[in-house]
Novice: 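Here it is, the structure in full.
Chain letters run A, B, ... following the sequence lines, proteins first, then strands; residues in each count from 1. Computed from a predicted structure; not experimentally measured.
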Amino acid sequence: MPELPEVETVVRGIRPDLVGKTITSMWTDWPNSISTPTLEAFEAQVVGQQIQAVWRRAKYIVIELADAYLLVHLKMTGRLYVTPVTTQHDADRWVHVKFGLDTGEELRFSDSRKFGRVYLTPDLDAITGSLGPEPLEDDFTLDVMKARLAGRSKVIKALLLDQTFVAGIGNIYADEALFRAKIHPLRKSDSLRDEEISRLYETIRAALSDGIEHEGASINWYRKADGNKGNSQDHFYAYGREGQPCKVCGTAMSKIRVAQRGTHYCPTCQPRE
DNA sequence: CGGACAACCTGGCGGC
DNA sequence: TGCCGCCAGGTTGTCC
């Protein structure tokens with residue numbers, strides 16, 4: 001579920017709970033959650049390392065250690081939070097990886113669908129090297145986006161979901177950005193007029209920024225197992241609104257399948273052309 | 001290069 | 001209530 005705004009929200013939540021603390025142990029009941037290196041090597045290398053910083057690259061949570069990077073990708077159902085060791089484990093039956101901290105707390109990775117992964121590497125690029133630019137960074141300019149569009153001819157929604165094109169957009173915010181830009185999700189990227197590209201550039205950033213401002217959709221994953229709700233979903237224009245009136249023109253919102261993903265749009269505001 | 005699809009997994013929900 | 005099929009916010013690899 002987590003896209004850029006949700007991951008950013010998690011990072012902001014756990015950062016003060018982690019920086020300066022030292023990892024003292026590691027546990028898992030589902031070794032497939034460990035992407036790289038092997039479980040044995042992971043444990044041997046991670047124990048004893050102090051956490052220097054916590055940040056985000058695309059949808060990856062980056063926990064910077066003294067000697068390596070501990071990365072977590074939440075994929076569809078992952079959660080990551082810090083809690084006292086004494087917190088009952090059965091309160092969250094989907095915890096599959098735990099890192100003990102020197103404060104008597106644990107960093108817990110919970111993931112009901114088991115798609116999420118943790119990584120440990122001295123070389124960040126080995127994991128994140130192929131990702132496209134960060135859409136909210138200053139160096140992602142309109143010119144950069146135009147340059148990356150050059151020579152591409154792909155259904156625009158599929159392109160937005162392509163993490164090597166721009167990193168961090170997922171199914172929700174792709175729909176939101178396209179709605180705000182009044183662009184039909186099936187438009188081919190090379191059919192977009194200059195002003196449409198400019199609009200899309202702005203709405204990508206606006207949709208993601210608004211998502212962060214509302215602390216992500218559905219849940220603040222970092223808040224323990226019970227998880228309070230974020231309220232980003234209350235502000236969606238497109239996602240999950242099929243059959244409901246468009247917030248701009250009142251037309252019933254449509255839902256179709258694009259790039260094998262549920263896709264929501266307004267047939268009036270976002271004409272196919 | 002682009003598009004379709006399977007795979008990785010489990011839980012929730014609507015329908016009957 | 002019980003069972004079944006379908007859906008799900010992500011990514012990667014394969015095949016055409």
Novice: Using the rule for Phe, Tyr, His and the six-membered ring of Trp, do A:Phe115 and C:dT11 stack at under 5.5 Å and under 30°?
Specialist: no
Novice: Who passes salt bridge (Lys or Arg N to Asp or Glu O under 4.0 Å) against A:Lys21, sequence neighbours left out?
Specialist: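 Expected list: A:Glu105.
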Novice: Tracing side-chain links under 4.5 Å among I, L, V, M, F, W and Y, which residues wind up in one group with A:Leu131?
Specialist: A:Trp55, A:Tyr60, A:Val62, A:Tyr69, A:Leu71, A:Tyr119, A:Leu124, A:Ile127
Novice: Could you list, one pair per line, each protein nitrogen or oxygen that sits under 3.5 Å from a nitrogen or oxygen of nucleotides 5-8 of chain C, together with the distance?
Specialist:
| from | atom 1 | to | atom 2 | distance (Å) |
| --- | --- | --- | --- | --- |
| C:dA8 | OP1 | A:Lys255 | NZ | 3.1 |
| C:dA8 | OP2 | A:Arg257 | NH1 | 2.9 |
| C:dA8 | N3 | A:Arg113 | NH1 | 3.4 |

Novice: Quick one: is A:Asn32 getting a side-chain N or O under 4.0 Å of the B:dC9 phosphate, OP1 or OP2?
Specialist: yes
Novice: Got a sec, which residues hit side chain to side chain contact (heavy atoms under 4.5 Å, CB included) with A:Val72, two or more places apart in sequence or on another chain?
Specialist: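 Counting only residues at least two positions away or on another chain, A:Val72 forms a side chain to side chain contact (heavy atoms under 4.5 Å, CB included) with A:Ile61, A:Leu74, A:Leu80, A:Phe109, A:Val118.
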Novice: Can you list the residues that meet the side chain to side chain contact (heavy atoms under 4.5 Å, CB included) rule with A:Ser110, with sequence neighbours excluded?
Specialist: A:Arg79, A:Tyr81, A:Asp92, A:Trp94, A:Val95
Novice: What pairs of nitrogen or oxygen atoms, one from the protein and one from nucleotides 14-16 of chain C, lie under 3.5 Å apart?
Specialist:
none

Novice: Counting heavy atoms from C-beta on, name the nucleotide in C:dT12, B:dG2, C:dG10 closest to the side chain of A:Lys75.
Specialist: C:dG10
Novice: Look for any protein N or O under 3.5 Å of an N or O in nucleotides 11-14 of chain B and output each such pair with its distance, or none.
Specialist:
| from | atom 1 | to | atom 2 | distance (Å) |
| --- | --- | --- | --- | --- |
| B:dG11 | OP1 | A:Arg93 | NH2 | 2.8 |
| B:dG11 | OP1 | A:Trp94 | NE1 | 3.2 |

Novice: Given the rule that a pair is Watson-Crick or G-U wobble with both distances under 3.5 Å, how would you write DNA chain B in dot-bracket, using | for pairs to a different strand?
Specialist: .|||||||.|||||||
Novice: Other than A:Val248, which residues form its hydrophobic cluster under the rule that side-chain heavy atoms must be closer than 4.5 Å?
Specialist: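 Its cluster partners, ordered by chain and number, are A:Phe179, A:Tyr237, A:Met253.
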Novice: Partners of A:Arg257 by side chain to side chain contact (heavy atoms under 4.5 Å, CB included), sequence neighbours excluded?
Specialist: none
Novice: By a strict heavy-atom criterion of less than 4.0 Å, which residues belonging to residues 147-159 of chain A are in contact with DNA chain C?
Specialist: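 Listed by number, there are none.
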Novice: Using the test side chain to side chain donor-acceptor pair (under 3.5 Å), find all partners of A:Asn32 that sit at least two apart in sequence or belong to another chain.
Specialist: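 In terms of side chain to side chain donor-acceptor pair (under 3.5 Å), with neighbours along the sequence ignored, A:Asn32 is linked to no residue.
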Novice: OP1, OP2 of B:dT10 versus side-chain N and O of A:Lys114: anything below 4.0 Å?
Specialist: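 Answer is yes, contact under 4.0 Å.
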